[in-house]
Amino acid sequence: MTKKKNSIPKYNFRSIEKKWQKQWEEKGVYRPDPDKAKRPFYNLMMFPYPSAEGLHVGNTYAFTGADVYGRFKKLQGFDVFEPIGLDGFGIHSENYAMKIGEHIKDVSKRSEKNFYRQLHEIGNMYDWSRTVETYKPEYYKWTQWLFLQMFKSDLAYQKKAKVNWCPLCKTVLSDEQVIAGECERCDSTVEKKELKQWFFSITKYADKLLKNLDWIDWPSDVKTNQKNWIGKSVGAEVYFEIKKSGEKISVFTTRPDTLFGATYLVVAPEHSLLKSEKSKIKNQKEVFGYVERALKKTEQQRKNEEKVKTGVELKGVNAINPVNGEEIPVWVADYVLAEYGTGAIMAVPAHDERDFEFAKKFGLSIRQVVAPFYKVKGKDVVKNGKLWTRRNIVNVVVKHWKDDKYLMINRKGQEGETFVLGSAKDGEDFVKVAQREVREETGYKNLIFKKQLGGKFVQTFYANHKGVSRFGVNNSFYFELKNGAMEKMSEKEQAKHEVMWVSKKDVSRKLKIENHIKTWNRFLGKENENCFVGEGVSVNSEYLNDLKTADAKKEIIGRLTKKKQGKKTVDFKLRDWCISRQRYWGPPIPVVHCKGCALKKEKIKVLLVHGFGVGGDSNWFGWMKKELKKIGCEVFSPSLPKSNDPSLSWWLSELKKYSSKLDEKSLIISHSLGSRAVAHLLAGSKNRIGKWISVAGAFGDEERKDRGKNFEKFVSKKIEWKKVDEKIDQVHFVLSKDDRWIDTKHHEKIKLSNQINTVWEGYSHFAKKKYPHLRDYIVDALFEDVEPIAVPVSEKDLPVKLPPMEDFLPEGKGKGPLAKNEKFVNTKCPVCGGQGERETDVSDPFVDSSWYFFRYLSTEFHDKVFDKKRTKKWLPVDSYIGGKEHTVLHLLYSRFVTMVLNDLGYIDFDEPYKRFFGHGLITKDGAKMSKSKGNVINPDDMIKKYGADSMRLYLRFLGDFSQGGCWRDSGIEGMSRFVNRMWKVFYEIQGEGKGVKIMSMTDKTIKVVEEDLEKLSFNTAVARIMEFVNWAKENKTDFDKVQAVKVKESLAFIISPFAPHVAEEFWSQLSHKRSIFESLWPKFDPKNVFDEQIEIVVQVNGKVRDRLIISRDVTEDEVRVAVLESEKVQKYVGDKKVKKLIYISGRLMSVVV
RNA sequence: GCCUCGGUGGCGGAAUUGGUAGACGCGCUGGACUCAAAAUCCAGUAAUGGCAACAUUGUGAGAGUUCGAGUCUCUCCCGAGGCACCA
């Protein structure tokens, strides 16, 4: 059998792809040395959330796209690090597990395996020795570490807050996860719930997050998204005094220049003024009824009722405008939000649409304080903020007494017709001026005033006859004539103007002057200037008059600040980041709630009062004192005078020294006769005291009277229990049945309102040195009212492992499933060692993903979050590619975390990503792919059918990477054909031809593909490659030996980022031993990029008429000659004169005739 | 309502940033090979008119700037994404 020479092997993608994937992994081609790499390049892509359904084609699209870029960088000689991991914690995964009734742990295990298999098969250059999974303790140990750093830097805090609660997911959502009042995930209506939550103070970094956007290399739309989210607005706080109360109410405004136009105030339904001024409100029923209804509204209702403004006036409450002392009404309305600004606004209806609508609805006054400003032909006649010469101008529209015609005049010697106009002095009645002007210029005298046409507007103009720049403050009026009666006019006056009546239609045509066009438009109702929100020139504002908005703002803020009536402020829309999640599948927040520590912090004072015949440290007192000091109490245990013959008054005067130090949180412990003394002490005490624990208290009157006169007096004095009751919150009477001195019956007779009788056995009269049981009892009583404080778990105890739990379902009561796990909850306090309770919330999965890129390079270190040196070497990330849907949340959070780590000195940069690129979405049949629509493409099927290379190529080709595109089955079909064609062409080129004359194609292609790759313009790069293959095919038999190698090597290179397996196969066919990805991208020869012959387009009057093929280095003169000689040009030029010749070098010549 | 990005053949999409509109691919039409089909190969393919060379029109609509506009300016229409009573 003779083997056919140079037979073409079949393109068997299955075996090729497997072969190369295996070799890459074995040889570690994609494992850069993290410490020694010379040209590090961190090519990051957003790690996926591993759904159980497996990799989505959308993921494939994103990942292979990022990989193309990474491979290109590798070919350029960079040590590219391209890691992958799984963002597996979170509600997504948990909900899915719940749905299919399996445990989340099992589901995750399976998903991980499946995902990693798929991620291998797409042929990316991942470094598989460094993966990161957020749900593994090795990882979340450091997520918890991050929380601790936040906690220590006062950036993590707990707060009771109204939060977004999703009733279906049974957890809290961040503002970012609420889309138009609905849960991002399950679309149920989000409720407001008051819960204690953990927050990160991202707002402390608002300014920096915003500022850095100025210089980071990100697409502008991503930047604007972030800018809007941060929502900085610069403005002022202005303080309004409430009349007859002295209380000041602060409002926030971005337009302090409109202060003179503030005609009322509005407060949010939550505003404190409603409480503080409650007594003054005359219509309380109405007001508080409204407030109650407003507060009950859900987000959904607010959304539905959007823009229908409601509100109630607080009758009897008036505010005083600080700039003019004017009294203005105060309203409550839910269009004012409590969370933004100060929860109160000054309403300027003339210049704010919401206020305008509100004022119109409730008949509140509207005052114009800003006039729109029109510049005439770019001439700005403002100097030092002031306009030059000012004129009040009156424009007058006059309607005929019978016809629908309007009065116009034509000034002799001037072009065009105008309405009657004149100027007025300040303070003059403009209506009268208008009438006067009409009379003087036209003679008509019976004018009826109809209305003013809109507010003032300002316009600059050049007063020709005076030779100065002026600005006019225009006022437009509309009059009707009662009849044609006229005044006699002098001939001189008559000669000045020609008067005419013009129909509505013609008026528009005749008007030439801007202010009259404006006037006319207002008359026609085309221009609504009642509410003007733009910037302009201040009017009706005393000292602000004639100032442009920007200057007026500065002026008013200056004045307010001086008089302490306001100040410049900045407000943000950004809120703190709520990280608590009441779910199971997340990293437990590493905090213990400890009462012991809270107690220590509070330094509770305890007074020990001993009994008959002993001292302050007798019996168990000395020991108890130590015990109480241990838990942080301040203990007094005085030895009372002459305890063998005790006088009540002596004892009391001694005790009073201490009782004056006690307060409502303090505790008194007394024994035996001491209790009796305490009862008297309390009865006569001025201050209230928290608790009293009386042990074996001697309150009876039948006790032994044979101990002396003083003692007798002591026990016979009656106790005023009623008074005692008023001074004490809680009383414990601790007794022992076998006490031979004390009868328990005495205690039963005492009936205090908060009295607890505790009777034990075997303690006799409590005269021993130690009673641990009593101590515990006392400590419990102390702890009862103490709010525990949050104590961080110590770093060496991390991770706080998520305990295995069979039942991980949320209950929806505001606490997470971990709360059900007593073994988890009960723990030792890391600070005091006492009994503590673990926090049962887990943290938001966005915390996991806010720092993962720090971890990849340090996965082998278990004693530090990351290696400083490596981080310095590789970060910030060189290229970050991911979905646009994360442009607000994830990117903002990770920027925040980076800034914090920078401030804490862990890193020396404050932005995590040098370059971010947001890719588009991939759709099917014009719709998003989703399981419910049944239009999901599974990458597994495609790889099986066409191979990873064809799929990778097709995904690059179907559209611009940043725009996304539409998946079509016929498209990948075509791409598969192309790959086969290319395969064949590669083998068909034998290099046995005579040589091809023009070889510029190779260099040109390398150049353009290189440029496209750098721009991530993958679709055009693929098109270029196709052109190259078409060209190679056309010339396949003509290449000589040298040319053949060049063409084949070039092909291997340009295809390699897209179809790495095929490229590698080509490369090895060319007898290379090492991977193509270990060699360098070919350099094109600039000389070869240009063709010898170029084509010059010839246009006549902008239309293409001819093309000249000409040598590359022609001069302009030579082109000109050739062009003018061209027959086709001659035909179009004819005998017309050639006006001009425009030459674009090497491209085009345009003949203008 | 506001902000951002888009609107180009039958379809996905190109166009050096003001300089040949429709690269490249899909689809379609015709042809070759085949008994036939698939695959493959060759040719054509914006519209209109013409046998043809060629001419005219043409980048959502209208206007403008320019020798020349898909690209710049203004007005409007449509679509996508984001924000939404943020003072």
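Note on naming: letters A, B, ... go to the chains in the order of the sequence lines (proteins, then strands), and numbering restarts at 1 for each one. The model shown is predicted, which means the values in this text are computed figures rather than measured ones.
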Between [N] and [M], how far is it from one [atom1] atom to the other, in whole Å?
N: B:G7; M: B:A55; atom1: C1'; result: 30 Å
N: B:G12; M: B:U4; atom1: C1'; result: 24 Å
N: B:U65; M: B:G18; atom1: C1'; result: 11 Å
N: B:C54; M: B:G60; atom1: P; result: 28 Å
N: B:G27; M: B:G19; atom1: P; result: 33 Å

Euclidean distance, atom [atom1] of residue [X] to atom [atom2] of [N] [Å, nearest integer]:
X: A:I972; N: B:C26; atom1: CD1; atom2: P; result: 13 Å
X: A:K1004; N: B:C24; atom1: NZ; atom2: P; result: 13 Å
X: A:R1105; N: B:G68; atom1: CZ; atom2: P; result: 13 Å
X: A:I8; N: B:A39; atom1: CD1; atom2: P; result: 20 Å
X: A:D221; N: B:G6; atom1: CG; atom2: P; result: 9 Å
X: A:K1007; N: B:U16; atom1: NZ; atom2: P; result: 13 Å
X: A:K227; N: B:C83; atom1: NZ; atom2: P; result: 17 Å
X: A:F572; N: B:A87; atom1: CZ; atom2: P; result: 13 Å

Please confirm whether A:R956 makes a cation-pi placement over A:Y61, using NZ or CZ under 6.0 Å from the six-membered ring centre and within 45° of the ring normal.
yes
With a distance cut-off below 6.0 Å to the six-membered ring centre and an angular limit of 45° from the axis, does A:K309 pair with A:F358 as a cation-pi contact?
no
Under 6.0 Å between ring centres: does that hold for [X] and [Y]?
X: A:F961; Y: A:F917; result: yes
X: A:F846; Y: A:W577; result: no
X: A:W1031; Y: A:F1028; result: yes

Would you say [X] places a side-chain N or O within less than 4.0 Å of OP1 or OP2 belonging to [N]?
X: A:K1033; N: B:C41; answer: yes
X: A:S233; N: B:A87; answer: yes
X: A:K1103; N: B:U57; answer: yes
X: A:N225; N: B:C3; answer: no
X: A:R977; N: B:G27; answer: yes
X: A:N228; N: B:A84; answer: no

Choosing from [options], which nucleotide comes nearest the side chain of [X]?
X: A:D352; options: B:G19, B:A87, B:C67; value: B:A87
X: A:I1142; options: B:A15, B:C67, B:G25; value: B:C67
X: A:T1020; options: B:A15, B:G25, B:C85; value: B:A15

Between the base of [N] and the side chain of [X], is there any donor-acceptor pair under 3.5 Å?
X: A:Q963; N: B:G13; value: no
X: A:K573; N: B:C83; value: no
X: A:R1147; N: B:U16; value: yes
X: A:S1150; N: B:C67; value: yes

Would you indicate whether the side-chain heavy atoms of A:T64 and A:F1058 approach each other to under 4.5 Å?
no
Paired nucleotide for [N] [Watson-Crick or G-U wobble; both distances under 3.5 Å]:
N: B:U34; result: none
N: B:U73; result: B:A63
N: B:G44; result: B:C28

Identify whether any heavy atom of A:L958 sits under 4.0 Å from a base atom; if not, whether one sits that close to sugar-phosphate; answer base, sugar-phosphate or nothing.
sugar-phosphate
Contact class for A:D571 (heavy atom, under 4.0 Å): base, sugar-phosphate, or nothing?
nothing
Between A:R977 and A:E973, does a salt bridge (Lys or Arg N to Asp or Glu O under 4.0 Å) hold up when you go through it step by step?
CA-CA 6 Å; A:R977 250 179 274 161; A:E973 211 53 79; 5.4 Å; no
For B:G9, does the O4'-C1'-N9-C4 or O4'-C1'-N1-C2 angle fall within 90° of 0, making it syn, or is it anti?
syn
Syn/anti label of B:U8 as read from its glycosidic torsion, with the cut at 90° from 0
anti
